[in-house]
Structure formats: C-alpha cells, structure tokens
There are 2 protein chains.
Amino acid sequence: MDEQILKKAGLKATPRRKEMLRILLNGGCPLTAEEVYHAFSEKQSCNLSTVYRALNTMAERRLLQKNIHRDGRVYYQLNLEHHSHQLVCERCHESVPIDLCPLEQLERDLRENTGYRITGHQFEISGVCPRCAEKEREKK
Amino acid sequence: MDEQILKKAGLKATPRRKEMLRILLNGGCPLTAEEVYHAFSEKQSCNLSTVYRALNTMAERRLLQKNIHRDGRVYYQLNLEHHSHQLVCERCHESVPIDLCPLEQLERDLRENTGYRITGHQFEISGVCPRCAEKEREKK
DNA sequence: GAATAAACGCAAATCATTTGCGTTTGGAGT
DNA sequence: ACTCCAAACGCAAATGATTTGCGTTTATTC
C-alpha cells in the first residue's frame with residue numbers, strides 16, 4: 001500500500017503523494033509532471049511545482065524512475081522490478097512498450113571493463129507508426 | 001571535405017558551418033550547442049542562436065546526430081556510419097564510449113513486430129566512475 | 001494536544017532552446 | 001566579374017519545462 005511505501009522511504013504519506021502514485025500506477029506508462037498534474041481532480045488539486053518536487057524526491061528515494069525522452073521532457077514511472085522502455089512514434093507520439101531490455105548484459109560487461117558502478121540506463125527508439133506512415137503516403 | 005558534404009545536403013557551405021563540422025570532428029565526442037559555440041575562436045566567432053540553427057538544420061539533413069542526455073541537454077555528433085553511445089559518470093561527467101550498439105538486432109525485431117519504420121534510437125548508461133567512487137569512500 | 005520538520009502554494013527565477021526580424025552573404029545565372 | 005535572391009546570420013526578445021525562495025499548512029512524534 002502507498003502509505004507504507006512512502007514511509008519506508010522516509011517520506012510523509014500525504015494525500016497528494018498517494019494520489020500521484022495512484023495516477024502513475026493506473027496510467028500504465030511513463031508520465032510527465034504536467035500529465036500527473038492534470039490527472040488530479042478539481043476536488044483534490046495540487047500545485048504544479050508540488051508535483052515536480054514530489055516526483056523528484058520520490059525518484060531520489062528510488063520509488064520512481066526518471067527518464068528523459070526525445071521530446072526533451074522528463075517522464076516518471078513507478079520503479080517496479082520489471083521496468084520498460086518504449087518505441088515512440090515521432091508524429092503522433094503513440095508508444096509501444098519494449099518488453100525485454102537488451103542492456104542488462106551490456107551493463108555487466110561494462111562494469112567489468114571500466115570499473116564503473118552502473119546506476120541506471122535509459123533508451124528510447126523512435127520511428128513512425130504504420131498509421132502515420134500511411135497518412136504520409138496519402139499526402140503525396 | 002566539408003564543402004562537398006554541405007552542398008550535397010543542399011546547404012550553403014558557409015565558414016561557420018564548416019567550422020562547426022571541424023569542431024565536432026576533432027571534438028571526438030558528442031558536444032552541446034554551447035560547447036560548439038565556445039570552441040569558436042575570437043577571430044571567427046558565431047552567434048549562439050546561429051549555432052543552434054545550423055546544428056539543427058544539419059541534423060535534419062542527416063549530417064549530424066542529435067541526442068538528448070540525462071542532464072537534459074541536447075548533444076550533437078557527426079553522423080558517421082559507426083555511431084557511438086556513452087557511459088557517463090554522474091559525478092564528474094567523464095564518459096567512456098561504448099563500442100558496439102546492442103540495439104541493432106532489437107530494431108530489426110521491432111520493425112517486424114510493430115510495423116514501425118525505425119528512424120533512430122538513443123541510449124545512455126549512467127554510473128559512477130572508479131575515481132569518483134574512491135573520493136566518496138574517503139569522505140565517509 | 002503541542003512541537004517541529006517536512007510539504008505545500010504561489011510567484012518569480014532559471015536555463016536551454018527557439019523565434020521574429022532586419023541585415024548580410026553564398027552561389028546560381030547572366 | 002556583376003546581379004540577385006533565398007538562405008544564413010546577429011541580436012534581442014520569447015518560450016516552455018523545470019526549479020527555487022519564502023511564508024503558510026500539515027503529518028508525524030512525543
């Protein structure tokens with residue numbers, strides 16, 4: 001439960017934070033601070049800067065993963081054991097989750113070869129989805 | 001030669017653009033617009049917004065690759081056939097090039113499974129380099 | 001229930017990047 | 001070599017995501 005998760009991370013279990021976790025959970029995909037902000041209802045609203053601050057502290061405490069996408073915005077997602085990456089359409093921004101992460105073996109090799117302690121990775125593949133490709137073909 | 005490369009891409013071969021290509025070439029690693037800007041000499045200076053504009057148009061014409069790193073800034077590099085990715089130290093930002101790109105096979109699979117036309121990818125692995133890890137140990 | 005550090009709201013600041021616009025320049029055509 | 005025009009450029013102002021300073025509120029500990 002959210003309450004316990006937050007406290008275990010040394011954070012106060014405030015209504016806003018619990019709501020943010022809930023939003024990220026049933027969002028099902030990485031969300032920007034702005035998207036989280038808009039997902040609040042009128043009754044329980046939350047200031048945008050509070051959203052940023054809370055998402056960042058939760059990311060620091062490893063409750064969330066923070067990733068920057070090619071659009072230049074930062075996306076947050078719950079830090080579940082099975083993290084996911086995306087293939088994103090350049091045109092409509094539809095995204096397809098990529099199930100297996102090909103970087104795990106690479107990270108092991110890098111640790112051995114460079115002596116770095118690996119703390120994270122991010123990647124994103126961009127493309128054009130079949131629907132947008134179709135639209136383009138029609139235009140010409 | 002730079003002159004030909006630019007013209008072949010349908011761009012004017014101006015002194016500034018040739019210099020930018022030169023800077024990126026002997027930089028040897030991805031550079032931000034700001035870094036390119038500072039690499040100009042006093043004699044041949046170049047406005048920062050011109051740097052941004054030129055790098056972006058060269059990227060559009062596929063002369064450069066554009067990648068966003070975890071620090072939130074956009075890095076540009078020459079679009080050589082053998083592109084490279086980096087392992088970046090969170091503390092000192094030292095970076096180690098990663099020779100082989102593990103995403104090529106994945107991209108082929110994705111094209112087949114999703115119907116997307118793949119246009120690019122980016123990834124970056126972050127970690128802490130041995131020197132910074134050592135410094136941290138000393139502090140404690 | 002009182003005390004206190006952490007959260008919060010609001011407005012202003014920051015920082016990389018983009019844009020509008022008037023001026024300059026490369027290079028195609030003569 | 002000379003003219004011409006779209007593309008490049010410089011400068012200043014705008015943008016947009018994110019951060020920060022500060023006074024107020026609230027969750028948690030005792």
How long is the line joining CZ of A:Arg53 and P of C:dA6, in whole Å? 14 Å

Rounded to the nearest angstrom, tell me the gap between atom CD in B:Glu60 and atom C1' in C:dT18. 13 Å

Atom-to-atom span, CG of B:Leu6 to C1' of C:dG27 - whole angstrom: 14 Å

Given 3.5 Å as the limit, does a donor-acceptor pair link the side chain of A:Arg17 with the main chain of A:Leu6, or not? no

Would you indicate what B:Ser49 reaches in the nucleic acid, counting non-hydrogen atoms under 4.0 angstrom: base, sugar-phosphate, or nothing? base

Between B:Arg16 and D:dG10, is there a side-chain N or O to OP1/OP2 distance below 4.0 Å? yes

Looking at the side chain of B:Ala54, which of D:dT19, D:dA27, D:dC9 is the nearest nucleotide? D:dC9

Euclidean distance, atom CG of residue B:Asn56 to atom P of C:dT18 [Å, nearest integer]: 5 Å

In whole angstroms, the gap separating P of D:dG10 from CZ of B:Arg17 amounts to 11 Å

Of B:Arg73 and B:Pro15, the one whose closest DNA chain C nucleotide lies more 5': B:Arg73

Can you check whether A:Thr50 has a side-chain N or O nearer than 4.0 Å to OP1 or OP2 of C:dG9? yes

Taking only side-chain nitrogens and oxygens of B:Tyr52, does any of them come within less than 4.0 Å of OP1 or OP2 of C:dT17? yes

note: A:Leu48, atom CG; C:dA12, atom P; distance rounded to Å ~ 16 Å

Once you round it to whole Å, what is the distance between C1' of C:dC15 and CD of B:Glu34? 9 Å

The side chain of B:Asn47 is closest to which nucleotide in this list: C:dA7, C:dG9, D:dG10? D:dG10

Do B:Asn47 and B:Tyr37 have a side chain donor and acceptor closer than 3.5 Å? no

Using a 3.5 Å distance criterion without hydrogens, assess whether the side chain of A:Asn67 forms a donor-acceptor pair with backbone atoms of A:Tyr75. no

Between D:dA27, D:dG10, D:dA8, spot the one nearest the side chain of B:Lys12, thanks. D:dA8

CD1/B:Ile23 to CG/B:Leu31 distance, rounded to the nearest 0.5 angstrom? 8.5 Å

CZ of A:Phe40 versus P of C:dG9: gap in Å, rounded? 9 Å

How is B:Thr14 classified with respect to the nucleic acid when contacts are heavy atoms under 4.0 Å: base, sugar-phosphate, or nothing? sugar-phosphate

Please confirm whether the backbone N or O of A:Leu110 pairs with a side-chain atom of A:Thr114, one donor and one acceptor, at under 3.5 Å? yes

Let me spell it out: for each of B:Val51 and A:Lys66, pick the nucleotide of DNA chain D with the closest heavy atom. Which residue's pick is nearer the 5' end? B:Val51

Any base atoms under 4.0 Å from A:Thr57, or only sugar-phosphate, or nothing? Heavy atoms, all strands. nothing

